[in-house]
Asks: 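Dropping a structure here in structure tokens format, bear with me for questions.
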Protein chains: 2
Amino acid sequence: MSRRPSLSDVAKRAEVSVSLVSRILSGDTTVRARPETQQRVHEVAAQLGYQPHGAARALRLSRAGALGLVVHEVSNPIHAEIIRGAQAAATAAGQVLLLSDAPELAANADAFAQLVGTGRIDGLMWQGSGEDYDDELVARAARQLPTVLVNSRPRAGVPALRLDDEAAARLAVEHLIGQGHRHIGYVGGRPGADLTERRYAGYLAALRDHDLPVRPEWTVEREWDAPAGHAAMAALLATDPRPTAVFVANVVVAVGALAAAREAGVAVPEQLSVIAVHDAWFVAHGAPPLTTVRLPLDRLGAEAVRLLLSGEGSPVPAGTAADGAAGGGGSAAMGDPGGGGDPVGGSAGRGIVLADPPPQLLVRGSTTRPEGMR
Amino acid sequence: MSRRPSLSDVAKRAEVSVSLVSRILSGDTTVRARPETQQRVHEVAAQLGYQPHGAARALRLSRAGALGLVVHEVSNPIHAEIIRGAQAAATAAGQVLLLSDAPELAANADAFAQLVGTGRIDGLMWQGSGEDYDDELVARAARQLPTVLVNSRPRAGVPALRLDDEAAARLAVEHLIGQGHRHIGYVGGRPGADLTERRYAGYLAALRDHDLPVRPEWTVEREWDAPAGHAAMAALLATDPRPTAVFVANVVVAVGALAAAREAGVAVPEQLSVIAVHDAWFVAHGAPPLTTVRLPLDRLGAEAVRLLLSGEGSPVPAGTAADGAAGGGGSAAMGDPGGGGDPVGGSAGRGIVLADPPPQLLVRGSTTRPEGMR
DNA sequence: TTGTACGCGTTATCAA
DNA sequence: TTGATAACGCGTACAA
């Protein structure tokens, strides 16, 4: 008996037809019902606690009212912030957010199908890590759904949203330069990854602007995690001469790098300044507290939602007959129309850079003037 | 033209009826179609890339195929691990996971209604923080949906899943005792919270078992975050005499506590040993690396999913007429049938303790023998 | 100003 | 061995 009230329950109690109830409750402006009827319908609906059934709506409107977000690893604080932004924006837009993780989807074809192929979501956001499967899965998803890459360059014809990584790197490196450093190393993430390259570009630009040397042995790239940062820093500290400061392309990597310096007996910041891109709550409590450049990651998530909702996600290519059974390889290679010169600014294009708010320098204890200058 | 293929598309191409296709594809054992027909249907379905429409299924079966998970803050590494476990279990069970966050739901009645009242999810998991709104919202949700509390005692008649916090605390404190500490302080979380109390109980039990003093001024409780840990540790260090070791009820709190010790010039572990409950990837890289007790948080999430799927979530009380419009307070107080003696073990009951795998001690650098004993 | 009828894509029941 | 048909709950075109 106590099943959820439906439109017809309301209709019965209010002694009108279902359709009228539907129109009144959905605020149809063209409906010109008697005020008293409207009143009554609203009252009954409230009294019954009526709420439209999501699935029925989805079926009728062929819109799920949900968006999907795929991240590579929830416990990465960077991803967490993206999730938070997306979550808030989705909620604000009356949508719900469906979370999934990339390795899972890569390993489990059913999971992928369940997320992408059943019409449960109206659009998909993908925060990848540069693994091979990312491109593959995104390409497949984009054939079925409006899709947008988060924190990446456009790839495989899928539009992408990213932050101004180059500016962030520049800001960081220029902070070091401003303190008097002239020997600055670079610790990146996964070699070849968009993010690494863009931040490296910013690093290079800053050095060149100030006529500082670029030494290949001071550029180390490993992976986007702390152990990689540890290894990279160890390698960097083994160079001779060694840099007096290091720019680390990611805060997670920097956590490992800092540990490596500590283990090597190199005091930060006294003997080595360290600065990283992105902020995380815990680094402020570290020893030393890490100086970082904060980027609006939450906006990244929020903007991705907006993009999808405004219909600017990857258009599902018409005529692309469905993908067939899970099957194999297929159409991997696609041109990368947005790869070259990224259109900048919030406008349409396929590669959108979120340049606002600009990167923000959070000076804490891991940077100082180089030894000779103190 | 290229809309998603439906059952009837498959039926047409295979020259059979929709219903037959439905039964064949869903593996109905009672269907005894010709092998060749079955074959053909499967082929056509694969060829067309047919996948059942989620909303239609949900409507027909009145089951959404989705579960909701509410956490208080995604960027908390503890929550992240719960999310990961729930996510994996949901996926494995062919369900999707819908993520939401508690403060958002508390602030936005529409968001709450959207999540809970529209039949989008078949069950709800709630990892609260002990805020007042948690109980209120959970009680409302439980009236409409199978609901389970995660990491909590049962409250408001809603069943709950938790870890063996007492054992974890015991293990931690006994490690300190084993190292020779006899003066051990306690830094908790939000006063009155389940978690704080249970871990405090473990702390007390360990002390009493070893005839160690319990000093009220060595018990400090503030909140579940790093700044609170900072304040708490500062308070603890101001006592005289001060403890030689501190048990911190949560790793996030411990991050702040460690920073406070550092700022106070108290060397960890030389002058003060610190140990905390829960592990997080970054504390291993800290200075000092934090000794922790790991609990199977991912299993907590996974088990919550299992509970909901097996129908052991809070039964929706029959006859409870719907809640009415968002409206106000209403029925807050309910008995707390599970509050007293918690039934232990994996069985039915309303308060389930996940005692397996048991808490695991991860000895790192933040604990050592007390000064006099070295 | 309001009601009837249809279809969204499935699954389940019944009939053939 | 297979097919027709009726729901599930909603929104909307059309009729009254």
Side-chain angles (χ1 to χ4, degrees), chain A residues 3-42 44-45 48-65 94 113-114 117-120 122 144 322, chain B residues 3-42 44-45 48-66 94 114 117-120 122 144 322:
Chain A
R3 65 168 221 300
R4 35 174 310 118
S6 75
L7 266 190
S8 79
D9 293 319
V10 178
K12 250 172 250 158
R13 282 268 279 256
E15 295 176 316
V16 289
S17 74
V18 248
S19 68
L20 190 52
V21 177
S22 170
R23 281 173 288 176
I24 289 178
L25 291 184
S26 64
D28 184 339
T29 53
T30 75
V31 75
R32 311 203 307 160
R34 280 208 214 83
E36 53 197 88
T37 309
Q38 306 223 13
Q39 170 82 1
R40 191 157 29 101
V41 166
H42 277 118
V44 172
L48 255 39
Y50 169 77
Q51 285 181 235
H53 187 109
R57 267 179 90 99
L59 184 58
R60 179 63 236 246
L61 303 176
S62 37
R63 291 207 29 231
Q114 179 72 228
T118 57
R120 305 186 97 94
D122 300 320
Q144 317 197 42
Chain B
R3 67 167 222 298
R4 37 175 308 118
S6 75
L7 265 190
S8 79
D9 295 318
V10 178
K12 249 171 251 157
R13 281 268 278 257
E15 295 177 315
V16 288
S17 73
V18 246
S19 63
L20 189 52
V21 176
S22 170
R23 281 172 290 174
I24 289 178
L25 291 183
S26 65
D28 184 339
T29 53
T30 76
V31 75
R32 309 201 309 160
R34 279 208 215 85
E36 53 196 86
T37 309
Q38 305 222 16
Q39 170 82 0
R40 191 157 27 102
V41 166
H42 276 118
V44 172
L48 253 41
Y50 170 77
Q51 286 181 234
H53 187 110
R57 261 180 137 222
L59 183 57
R60 180 63 233 245
L61 302 176
S62 37
R63 292 205 25 226
Q114 179 71 229
T118 58
R120 303 187 97 96
D122 299 321
Q144 316 196 43

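Worth knowing before you read on, the calculation uses all heavy atoms, side chains too, and leaves out hydrogens, waters and symmetry mates. Numbers restart at 1 for each chain; the letters A, B, ... are given by sequence-line order, proteins then strands.
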Asks: Considering non-hydrogen atoms only, spot the tightest contact between A:Gly119 and A:Ala64 and give its length.
Replies: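 Looking at all heavy atoms of both residues, the closest pair is O-CB, 3.4 Å.
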Asks: Among the candidates C:dG3, D:dT2, C:dT1, find the nucleotide nearest to the side-chain atoms of B:Arg34.
Replies: D:dT2
Asks: Do the side chains of A:Arg4 and B:Gln144 get nearer than 4.5 Å, heavy atoms only?
Replies: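 No, too far: nothing below the 4.5 Å cut-off.
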Asks: Mark up nucleotides 9-16 of chain D, 5' to 3', with B wherever a protein heavy atom is under 4.0 angstrom from a base atom, S wherever such an atom reaches only the sugar-phosphate, and - elsewhere.
Replies: BBBB----
Asks: Figure out the CZ/C1' separation between A:Arg40 and C:dT2, and round it to whole Å.
Replies: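 Rounded to the whole Å, the gap is 12 Å.
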Asks: Specify the closest pair of heavy atoms between A:Ala33 and A:Leu20, including all atoms of both residues, with the distance to one decimal.
Replies: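 Smallest heavy-atom distance, with atoms named: CB-CD1, 4.4 Å.
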Asks: Ignoring hydrogens, what is the shortest heavy-atom contact between B:Leu7 and B:Val21? Give both atom names and the distance.
Replies: CD2-CG1, 3.4 Å
Asks: Measure from CG on B:Asp9 to P on C:dC8 and round the result to the nearest Å.
Replies: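 Between P of C:dC8 and CG of B:Asp9: 10 Å.
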Asks: So do the side chains of A:Arg23 and A:Ser19 get within less than 4.5 Å of each other, counting heavy atoms only?
Replies: yes
